[in-house]
Amino acid sequence: MVSIGRWVIGRSNLVLDLPLDGRVLLFSVVLSIVTAVMFGLVPALQATKVDFAGVLKDSASASHRRSIAWRNGLMVVQVAVSLVLLTGAGLMYRALGRTQTMALGYSTKGALEVSFNLRLQGYAPALGREMQRRLLDSVRALPGITDAALADVVPIDLHFSRTRVAAEELVAERESRTPVAYVGRVTPGYFRTMGTRLEEGRDFTDADDEGSQLVAIVNRSLASRFWPGESALGRRLRLGGMAGFPTAGSDQGRSIFEVVGIVEDGKYGGFSDEGAYAMFRPLAQAYSGSTSIVARTGGDIGAAIAAVRGAVREIDPNMPIGAARSFDERLSLPLLPAPVTALALAGFGALALVLAAIGLYGVMSYSVSSRTKEIGVRMTLGAQPADVLRLIFGQGSRLVGIGVLIGVVLALLVTRLMRALLFGISPTDPLTYAAVVVGLSAVALFACWIPARRALKTDPVEALRVS
């Protein structure tokens, strides 16, 4: 197979390589031939059934009008389809551009992740806690590592647990009305390592262990949800589960947590998170055997990842290691569907636009040829070039305008299905729609310009001789 395209995806060096498969190419060629024959055969068969007497008697026969209406309708459809595809591609590219500047709630520069699972090695909770402590101390002592912490899940991750939370004073509130929040378990220093801003209160400390008061750090959105305009520090949260929303952590039933800190909002389960609620607990108060080391380095990221992996192997050579990657590599995978979709939509949209422009040029050229005598009469009676241009452009503009109108309506309906891939860009983004409408209209009207110019060169005398 031959490679026909390679693109760097997202913020990393992940490469999308699209190979050229011979079987797919053969299928495409055969399908193209069959399509060409089928669509060429239908007009040929229709031509054999033409009523020449009727055509000679009345060029504006019903069949002739139907033929013109069919061609015009096809042009409207081509313009509408082009607009839908180009709008989808434009929204996708706008969303991709936004991911480069969107606030994630953490910094990816120099950040890395190495995950491991103590459960697979049969570690009991007490031994697992000791293993995690030793490993974290070892990683923090590595040359080039500036910060390190442990977490049971790292953004952006589909495995982020979610559970219902409520303010303790809202105990009478129906549980079905309580919000659902992302819940994570982390060690002290996690927010500093992630580059997440602590807006109020304090970070977790080593004193927040299994024997102390249960504490939590919440993000700004969750604090504002329960205590708008007030400080959330010292307030208490009720954590509980119901069918479909399992309680996070090892606790069962309801638990009461004191809020000791508030951090900035971020992206947790995906790039589309807007105002998502999040709550963090000390890992020491809710043990998890499946954790990740998150660390930050000012040096070579590859060397830092290798050093952290080595630290894990040094403590337990048989420890299963999962992901070992930079945060930029981590973020590239959730972004992967977006550039692929954008590329496909842009390709099909460009092809549809070319076909629409060619088709519109053909329709307008045919119209000019069939109206040569009419144009000659108009010019003989004193019609100015501007009048002829309005005549030709008026017909083309109507077709383009109807196609654009239908296309915008369809795009408003179709692009809503892409909301999960748009990363905060509205499916009705006016800038994208305006750019596509203006660009498509410009191309389509340019296709009308060439036949219109030819109409201006019509010799009235010669035109009147046309039978």
Side-chain angles (χ1 to χ4, degrees), residues 103-107 125 129 132-133 136-137 140 147-155 160-171 173 178-241 247-268 273 275-288 291-294 296:
L104 299 175
Y106 43 88
S107 172
R129 292 176 191 273
Q132 290 173 342
R133 185 191 62 77
L136 190 54
D137 290 342
R140 286 173 172 168
D147 278 305
L150 290 175
D152 69 328
V153 66
V154 181
F160 230 118
S161 62
R162 302 174 71 211
T163 193
R164 293 192 180 277
V165 295
E168 184 184 26
E169 56 264 34
L170 300 179
V171 67
E173 184 177 25
T178 59
V180 176
Y182 291 102
V183 179
R185 291 169 280 181
V186 301
T187 60
Y190 169 80
F191 300 107
R192 183 181 64 249
T193 302
M194 294 290 291
T196 300
R197 186 173 67 256
L198 183 65
E199 297 183 349
E200 293 184 51
R202 65 172 179 87
D203 195 356
F204 297 134
T205 67
D206 292 335
D208 297 318
D209 55 23
E210 55 186 336
S212 63
Q213 163 67 40
L214 295 179
V215 294
I217 293 176
V218 300
N219 71 341
R220 174 57 62 187
S221 288
L222 186 58
S224 299
R225 166 65 171 78
F226 291 127
W227 305 285
E230 304 178 33
S231 175
L233 298 181
R235 301 301 185 100
R236 295 162 72 85
L237 284 175
R238 184 165 48 87
L239 180 66
T247 303
S250 56
D251 303 317
Q252 299 296 323
R254 302 189 186 279
S255 301
I256 304 298
F257 296 80
E258 180 184 344
V259 177
V260 296
I262 302 171
V263 294
E264 63 178 311
D265 289 348
K267 308 295 183 183
Y268 307 103
D273 284 345
Y277 303 132
M279 169 181 167
F280 298 89
R281 310 171 57 185
L283 185 62
Q285 291 186 344
Y287 171 75
S288 173
T291 52
S292 294
I293 302 170
V294 291
R296 192 171 296 277

With sequence neighbours excluded, what pairs up with [X] under the side chain to side chain contact (heavy atoms under 4.5 Å, CB included) test?
X      : answer
Thr196 : Tyr106, Phe191, Met194, Val263, Glu264
Ala148 : Leu136, Val139, Arg140, Ile145, Ala295
Ala149 : Thr187, Tyr190, Thr193, Val294

**OP:** Please test Val165 against Arg238 for side chain to side chain contact (heavy atoms under 4.5 Å, CB included), starting from the C-alpha separation and ending with a verdict.
**Re:** CA-CA 6 Å; Val165 295; Arg238 184 165 48 87; over 6 Å; no
Original post:
Is the backbone of Arg185 close enough, under 3.5 Å, to the side chain of Asp152 for a donor and an acceptor to pair up by distance?
Top reply: yes
Original post:
Arg296 side chain to Ser107 main-chain N or O, any donor-acceptor pair under 3.5 Å?
Top reply: yes
Could you state the interatomic distance from [atom1] ([X]) to [atom2] ([Y]), rounded to the nearest 0.5 Å?
X      : Y      : atom1 : atom2 : value
Arg236 : Leu214 : CZ    : CG    : 9.0 Å
Leu237 : Met279 : CG    : CE    : 5.5 Å
Gln132 : Tyr287 : CD    : OH    : 5.0 Å

How close do [X] and [Y] get, heavy atom to heavy atom, and via which atoms?
X      : Y      : result
Ala151 : Val186 : CB-CG1, 3.9 Å
Phe257 : Val215 : CD2-O, 3.5 Å
Tyr277 : Ser221 : CE2-O, 3.5 Å
Val180 : Arg162 : CG1-CB, 3.6 Å
Ala276 : Tyr182 : CB-CE1, 3.9 Å

Name all residues meeting the salt bridge (Lys or Arg N to Asp or Glu O under 4.0 Å) criterion together with [X]; count only those two or more places apart in sequence or in a different chain, and write none if there are none.
X      : value
Asp203 : none
Arg202 : Asp208
Asp265 : none

Subject >> Criterion side chain to side chain contact (heavy atoms under 4.5 Å, CB included) on Val153 and Tyr268, from CA distance to verdict >> reply: CA-CA 10 Å; Val153 66; Tyr268 307 103; over 6 Å; no
For [X], which residues count as a side chain to side chain donor-acceptor pair (under 3.5 Å) partner, sequence neighbours excluded?
X      : result
Ser212 : Gln285
Glu199 : Arg197, Arg220
Asp209 : none
Ser224 : none

Original post:
Heavy atoms, side chains only, cut-off 4.5 Å: are Ile262 and Val218 in contact?
Top reply: yes
